[in-house]
Structure formats: C-alpha cells, structure tokens
Number of protein chains: 2
Amino acid sequence: MTRRQNRSRAERGIPEATVARLPVYLRALHSLQDRGIATVSSEELAAAAGVNSAKLRKDLSHLGSYGTRGVGYEVEYLIYQISRELGLTQDWVVAIIGVGNLGRALAGYGGFASRGFRMASLLDADPRLVGERIAGIDVEHIDRLETVIAEHGVSIAVIATPAVAAQEVCDRVVASGVTSVLNFAPIVLSVPDGVDVRKVDLSIELQILAFHEQRKAGGPMGEQVEREYVEAVEL
Amino acid sequence: MTRRQNRSRAERGIPEATVARLPVYLRALHSLQDRGIATVSSEELAAAAGVNSAKLRKDLSHLGSYGTRGVGYEVEYLIYQISRELGLTQDWVVAIIGVGNLGRALAGYGGFASRGFRMASLLDADPRLVGERIAGIDVEHIDRLETVIAEHGVSIAVIATPAVAAQEVCDRVVASGVTSVLNFAPIVLSVPDGVDVRKVDLSIELQILAFHEQRKAGGPMGEQVEREYVEAVEL
DNA sequence: TACTGTGAAAGAATTCACAGCA
DNA sequence: TGCTGTGAATTCTTTCACAGTA
C-alpha cells in the first residue's frame, strides 16, 4: 500500500471537518453541472455550498491540485475527484432496519439509489409489514438479518427502529461484520473500536435551534428562574 | 440585560461545540432518571453520553458549578439547568412543511411533543393531503403558511419538502418572521443574517460513512483510478 | 477520600494574505 | 490579470493533570 506516484497529496490525512463538507461541494457541483456550467471559481462554488472561499480552497487542496490558477475548477473533473475520495466510485450496499414512517422515507429517498449507494434490503420486526413492497423491495423479517447481510454483502446498516430495539439491532449487524452504522434512533449506541457510527437526531437539532432562538430573545433569565426551579421540584 | 448575580459563569459565551452536546447529556440524564438514579459522576454520565469525562466536565463548567466535589451531579438538578440553558423550560412552537413520509415520521416523533416543543401545524402543497389528520393535527394547505405562522406564533419551521420547493418555502417562513429553520431538503438554503438554519441530510451522512469505510479497506487507488477517469469521461 | 472545576498545553479548524502560476 | 494553493496567524476545541473541596 505504499505505491505512490507523482501527484503530491497529504498522505492519507484529510481532516474530518473537510470530509464532512465534501458531500456538500459535490452536491453543489452536480447542480452546476445540471445547469450546463463547465468551469467554476472557488468564490462561486463556495457561495453555492454556503462556505467561504478560503475554506473551500483549503479543503480541496487536501485532495490535490485540481484547479487552474486564473481560471478555476473544471466541474466534471472535480466531481470525479471528490467522488473518488469519498468512495462513491464504487457501490455501497445498504440495509435499512425498521420500516416505520422514517424507514419508508429513507427507502424512498431518491439521491440514495442514484450515486454510490444500493439499497439492498428492508427489515422489520413486525410480521404484518413483512412481504410489503416498498420502493421496489420486499420487506423481510428481522430474523433474516444475518443472512441478508451476508448474502447481499451489506456494508452500511441504517437503523431506523424504535430506541429500545436499536442497541440489539446494532449488536447484531456488528456481529455480522458491518462496520458502518447510520443511527436514527434517539440513543447512544455502543460499538467496538473500528466501527463507525453516525447519528441523525431530530430532537438534538431542534434543541440546538431552541438555544440560539432563546439567545436572540435575550437568554435564560437570572434569579427568577432559580426560584422557578424550586417550585418545579416541589410539584 | 446586565442584571447579574452571584453565580459566576462565562458571560453568555457557551462554545458551539458544547451546545451541540448538551442535548446528548440531557438525554442521558433523562435515561438515568427513568432508572431511578439520583446522582451521577462525570465519569458515568460521560460514558452514557459517549464522550470522555474531561470534556463533559469542561462542558458543564460553562453553565456553572452544578456538581459536588467528591460526589458528582444531582441528576434532577442538572436536567433542569441544562434544559434552562437550552431554552427548553419554555415551549417552542413548531410547524412542519411537507407531509410526505419524512414529514409524517417527524410529526409522529414522540420526543417532539414531550419536551419543550409543540407541533402546531402541518402544511403541504398537495390538495389531496389537506384535511388528513396526522398525529392529531389536520394538514392545511401551504397557502395558509403565513396565516398559520402568525396565528400560532411559530418560531421554528421544519422544512420537509422536496428540494425544488425548499428555498421558496424558506423565503416565505423567513418573511413571516421565523428565525430558526430545520431543513431536511437536500439543498443549501440561503437566508439573511440572523436566521439560523440547521440541516439534516441522509445522503451526506452516508457519504461520510462511505469515506471511512473505504479508508478501512485501503483508500482510493492510485494511478489505476486515474485511467478509469479517462474512460468514464469518454463514455 | 473521591470527586469536580479549571488553568495550561496540545491539537484542529478557520481565516488571512499573498506568492506563484496559467 | 485573476485566479489557485498555501504558509502563517488566529481562533476554537480537546485533553491533561492537578489544586481545591465537600
């Protein structure tokens, strides 16, 4: 794995913050491409992605030198390079566990099937849902989890179950060799080293918004609130 | 707004990274409370929240000194203090725009109605959905957006529409005075200063997972891939 | 004694500002 | 000339390690 070549690039060390923004750039680039734009400056692309141009250039510099001074970036080429860096030039097989409203929303999500991700399986514990066809896939019973993961070569598991079931499901997918988990259940999953978990959590996002909203309005009150606590506790 | 009192606390300056973790601590604390635990050490709480204890203590120190040396934190009191800091001791009125599977999932989300958030309205552009009752609320037509925001005093708008509609919906809610937006549409919203937007994006999360998954497997290949690009472009 | 709270050190991420190149 | 790519400066975040205290 040390076969290197001419291209000078920071050896396998893209900052996490940069990785998190690459998908945003990619989306902006696709949108430019759809509008027939072939070349874009860092200033324009940054605006489309909602960041400042210095940050964008620094981020892209971690991938290599894919721009042209005095001109900008070629949209198609940059799409390819970012896709490659993110691993989207290969297909990742995804299984969704939990087919409530959220699971359905995820299954039906378009951008999913399109670039780099193949939804292979939908699983649920509720026997009444088994056999139902959603987004072209038959829902299977959770009992088949291990079999399905092995047969399809699932590498990313999306957990969209109720909170109480999430840890057990997680343990099972991890035991089956899955090392990437996207968790929608409102619970902190514990996993062994080497397994990546990302969490998407509506209520956390709302709470962060509430914090800022409150701040705009003047912040939490002082001693008055201290009194309210005493009352609240004594109810 | 400069009436201060004894409690020494960094004057209105809680780091953003800390704010983003407070909801996680809060959830962990509620879970401890449900299990009848009255007191917790930074070590235990940190484990439950999936962070290390130094970080937890530093985070909490930004709110004030709510622990007891040699003992730990009183669960109930800490819940109250964090809730207050996040602005959850008051109710925030939320409207969801877009009632597809995702909107339904959000509407049905339990933790929502419970702590600090009141779902006041569901809106959709599709006349066939108008009048349908979801989670106890009648879906209204998007034409009524401005009226609904004013009447209910909506302060947080959740955008769960298709991407093409999202910016227009966003413009309208902002024009109606909403300054906090939670966006589920896969698009960068542009808003004036003073408006907070948070984004939840499935495909970005998947892409970040794919990056790490690829890394585990050995990273993007070198010159071989460079050739593949040429072929891909020439299709 | 067993914990919290916090300065100080280390590490990451962002921004500045400009050299260098097409 | 007009842009990218990047060192250097700055700011933010995490971690260390221990003084202080119930």
Side-chain angles (χ1 to χ4, degrees), chain A residues 6-25 28-29 32 37-75 77-78 81-82 85 208 211-212, chain B residues 6-22 24-25 28-29 32 37-75 77-79 81-82 85 208 211-212:
Chain A
N6 52 350
R7 191 155 26 97
S8 80
R9 151 139 54 78
E11 202 65 31
R12 285 311 74 221
I14 299 184
E16 199 48 43
T18 295
V19 172
R21 282 186 296 264
L22 291 178
V24 181
Y25 303 155
L29 285 162
L32 291 166
I37 294 165
T39 295
V40 68
S41 71
S42 65
E43 200 68 55
E44 293 161 333
L45 180 53
V51 301
N52 72 45
S53 65
K55 191 186 279 180
L56 173 80
R57 289 199 304 278
K58 180 70 91 181
D59 282 342
L60 294 183
S61 79
H62 289 113
L63 313 193
S65 274
Y66 298 136
T68 308
R69 288 165 204 245
V71 179
Y73 302 90
E74 202 211 314
V75 171
Y77 186 56
L78 194 51
Q81 291 299 346
I82 294 177
E85 198 61 54
I208 295 170
F211 172 82
H212 292 293
Chain B
N6 52 350
R7 191 154 26 97
S8 80
R9 149 140 55 78
E11 201 65 32
R12 283 314 71 224
I14 299 183
E16 199 48 43
T18 295
V19 172
R21 282 186 296 264
L22 291 178
V24 181
Y25 302 154
L29 285 163
L32 292 168
I37 295 165
T39 295
V40 69
S41 71
S42 65
E43 200 69 56
E44 293 161 333
L45 181 52
V51 303
N52 72 45
S53 66
K55 191 186 278 179
L56 173 80
R57 289 199 304 277
K58 179 70 93 181
D59 282 341
L60 294 184
S61 77
H62 289 112
L63 312 194
S65 275
Y66 298 136
T68 307
R69 287 167 205 244
V71 178
Y73 302 89
E74 202 210 314
V75 171
Y77 186 56
L78 194 50
I79 286 176
Q81 291 299 345
I82 295 178
E85 199 61 55
I208 295 170
F211 172 82
H212 292 293

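Residue numbers begin at 1 in each chain, while the letters A, B, ... track the order of the sequences. Values in this document were obtained by computation on a predicted structure and should not be read as measured data.
Sorted by residue number, the members of residues 50-58 of chain A with any non-hydrogen atom under 4.0 Å from DNA chain D read A:R57, A:K58.
For B:R69 and D:dT21, a side-chain-to-base donor-acceptor distance below 3.5 Å is absent, hydrogens and geometry of angles not being considered.
The rotation axes computed at either terminus of the helix from C:dT1-D:dA22 to C:dA22-D:dT1 lie 10° apart, taking five pairs at each end and rounding to 10 degrees.
Between B:S42 and C:dT4, a side-chain N or O to OP1/OP2 separation shorter than 4.0 Å is present. Phosphate contact (OP1/OP2 of C:dG5, side-chain N/O of B:Y73, threshold under 4.0 Å): present.
With sequence neighbours left out, the side-chain contact (heavy atoms from CB on, under 4.5 Å) criterion links A:S53 to A:S42, A:E43, A:A46, A:R57.
Here the side chain of A:S41 pairs a donor or acceptor atom with the backbone of A:E44 at under 3.5 angstrom.
Less than 6.0 angstrom separates the ring centroid of B:Y77 from the ring centroid of B:Y66.
In this entry the distance linking CD of A:E44 with P of D:dC3 reads 8 Å, nearest Å. Distance, B:E43 CD to D:dT15 P: 13 Å, rounded to whole Å. For A:D59 and C:dT14, the CG to C1' distance is 10 Å, given to the nearest whole Å. Between B:L63 atom CG and C:dG5 atom P the separation is 10 Å, expressed in whole Å.
Out of C:dA13, C:dG20, C:dT6, the shortest distance to the side chain of B:S61 is found at C:dT6.
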